[in-house]
Chemist: 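Okay, handing you the structure first.
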Amino acid sequence: MTSQNAQIRPLPILTVVGMRVRVKPMSAQISQVWESFLTRIDEIAYRIDPDVTVGVMGHWDQALNQFDYQAGVLVSDARTVPSGMVRWEVPAAMYAVFDATPATVSDVFEQVPAQLYDLGYQQASGPCIERYGPDFMQPEQPLQVWVPVKRSEAR
């Protein structure tokens, strides 16, 4: 991955409905929540794009090395959330967008700090997002990693 494939762009407020778990990085529970979620995805109303799913990561606890991970879809209206699912409001912010695949996503996250530094940014507080297309279970399926950013104070 090089900084040339990263773009800085604004992300509007997003509403994600799906299933959430509290996990450690690279936990097997992440794939388990996806398996459970995908069996129920059709229960969600007002989906914005039926070919897009997202993984949202946030509420980091550095001391316990845990965070919330939600497998979900973007919706235009979240007044009705299916039983066993939750809504996550992602605030509008500036994001760095990186290209990846399911096979390379962990490498991308490891390289984010250096890539952001090269671009004159640093990671800001807020949720990170994995944006998947229709075939995200395939190892080489393109996906995007969205990381909240702010201008670097170190430069």
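We number each residue from 1, following the sequence as shown. As the structure is a prediction and not an experimental result, all values here were calculated from the model.
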Chemist: So V86 and Q70, do their side chains get closer than 4.5 Å, heavy atoms only?
Modeler: yes

Chemist: Give a yes or no answer on whether the side chain of S36 reaches the backbone of V33 with a donor-acceptor pair at less than 3.5 Å.
Modeler: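 It does not hold such a pair.
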
Chemist: Any chance you could measure M94, atom CE, to K150, atom NZ, to the nearest 0.5 Å?
Modeler: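 The NZ atom of K150 is 14.0 Å from CE of M94, to the nearest 0.5 Å.
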
Chemist: Contact between R22 and D61 at the side-chain level, heavy atoms closer than 4.5 Å - yes or no?
Modeler: yes

Chemist: Out of curiosity, does L11 fall in the hydrophobic cluster containing V145 (side-chain heavy atoms, cut-off under 4.5 Å, transitive links)?
Modeler: no

Chemist: Tell me whether L38 shares a hydrophobic cluster with L74, the cluster being built from Ile, Leu, Val, Met, Phe, Trp, Tyr side chains joined at under 4.5 Å.
Modeler: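 Different clusters.
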
Chemist: Can you find a heavy atom in the side chain of Q123 that is under 4.5 Å from one in the side chain of L116?
Modeler: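 Result yes, sub-4.5 Å side-chain heavy-atom pair found.
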
Chemist: Would you say that I41 contacts R47 through its side chain, given a criterion of any heavy-atom pair below 4.5 Å between the two side chains?
Modeler: yes

Chemist: Between R40 (side chain) and E43 (backbone), is there a donor-acceptor pair under 3.5 Å?
Modeler: no

Chemist: Measuring from atom OG of S152 to atom CG of D118, what distance do you get when rounded to the nearest 0.5 angstrom?
Modeler: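 Those atoms lie 10.5 Å apart.
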
Chemist: What distance separates R87 CZ from M85 CE, expressed to the nearest 0.5 Å?
Modeler: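 Atom-to-atom, R87:CZ and M85:CE are 14.0 Å apart.
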
Chemist: Would a single hydrophobic cluster contain both F67 and W146, if residues Ile, Leu, Val, Met, Phe, Trp and Tyr are joined by side-chain heavy-atom contacts under 4.5 Å?
Modeler: no

Chemist: With a cut-off of 6.0 Å (strictly less than), are more than 12 heavy atoms of other residues, nucleotides or ligands near CD1 of I13?
Modeler: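 Counting other residues, nucleotides and ligands, CD1 of I13 stays at 12 neighbours or fewer.
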
Chemist: Any non-hydrogen side-chain atom of V52 less than 4.5 Å from a side-chain atom of V73?
Modeler: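 A side-chain contact is absent here, since even the closest heavy-atom pair is not under 4.5 Å.
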
Chemist: Mind checking whether F98 and Y121 sit in one hydrophobic cluster, side chains of I, L, V, M, F, W, Y counted as touching below 4.5 Å?
Modeler: yes

Chemist: For L14 and I129: C-alpha separation, side-chain torsions, deciding distance, then whether side-chain contact (heavy atoms from CB on, under 4.5 Å) applies.
Modeler: CA-CA 11 Å; L14 299 177; I129 301 167; 4.0 Å; yes

Chemist: Tell me whether T104 contacts the main-chain N or O of D107 through its side chain, where contact means a donor paired with an acceptor under 3.5 Å.
Modeler: no

Chemist: Within the structure provided, determine whether V17 and P82 are in side-chain contact (heavy-atom separation under 4.5 Å).
Modeler: yes

Chemist: Which heavy atom in F109 sits nearest to a heavy atom in V147, and how many Å separate them?
Modeler: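 Smallest heavy-atom distance, with atoms named: CE2-CG2, 4.4 Å.
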
Chemist: Crowded around R9 CZ? As in, over 12 foreign heavy atoms under 6.0 Å?
Modeler: yes

Chemist: Taking all atoms of both residues into account, what is the closest heavy-atom pair of P127 and V90, and its distance?
Modeler: CG-CG1, 3.8 Å

Chemist: Within 45° of the ring axis of W88 and under 6.0 Å from its six-membered ring centre, is that where the NZ or CZ of R20 lies?
Modeler: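 Cation-pi check for R20 and W88: passes.
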
Chemist: Considering only heavy atoms from C-beta outward, does the side chain of L143 approach that of P102 to under 4.5 Å?
Modeler: yes

Chemist: Going by atom types alone, do Y95 and Q144 pair a side-chain donor with an acceptor below 3.5 Å?
Modeler: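 No.
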
Chemist: Is there a chain of hydrophobic side chains (I, L, V, M, F, W, Y, each step under 4.5 Å between heavy atoms) that links V21 to V56?
Modeler: no

Chemist: Please find the pair of heavy atoms, one from N65 and one from P25, that lie closest to each other, and give the distance.
Modeler: O-CD, 3.4 Å

Chemist: On a heavy-atom basis, which atom in V149 and which in A96 lie closest, and how many Å separate them?
Modeler: CG1-CB, 3.7 Å

Chemist: Among Q29, H59, K24, E130, find the one that has a side-chain hydrogen bond (donor to acceptor under 3.5 Å, both in side chains) with Y69.
Modeler: E130

Chemist: What about the rings of W34 and Y132, do their centers lie closer together than 6.0 Å?
Modeler: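 Yes: the rings meet the under 6.0 Å criterion.
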
Chemist: Check G126 against P148 and note the closest heavy-atom contact, atom names and distance.
Modeler: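 Heavy atoms only, the tightest pair is O-CG, 3.5 Å.
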
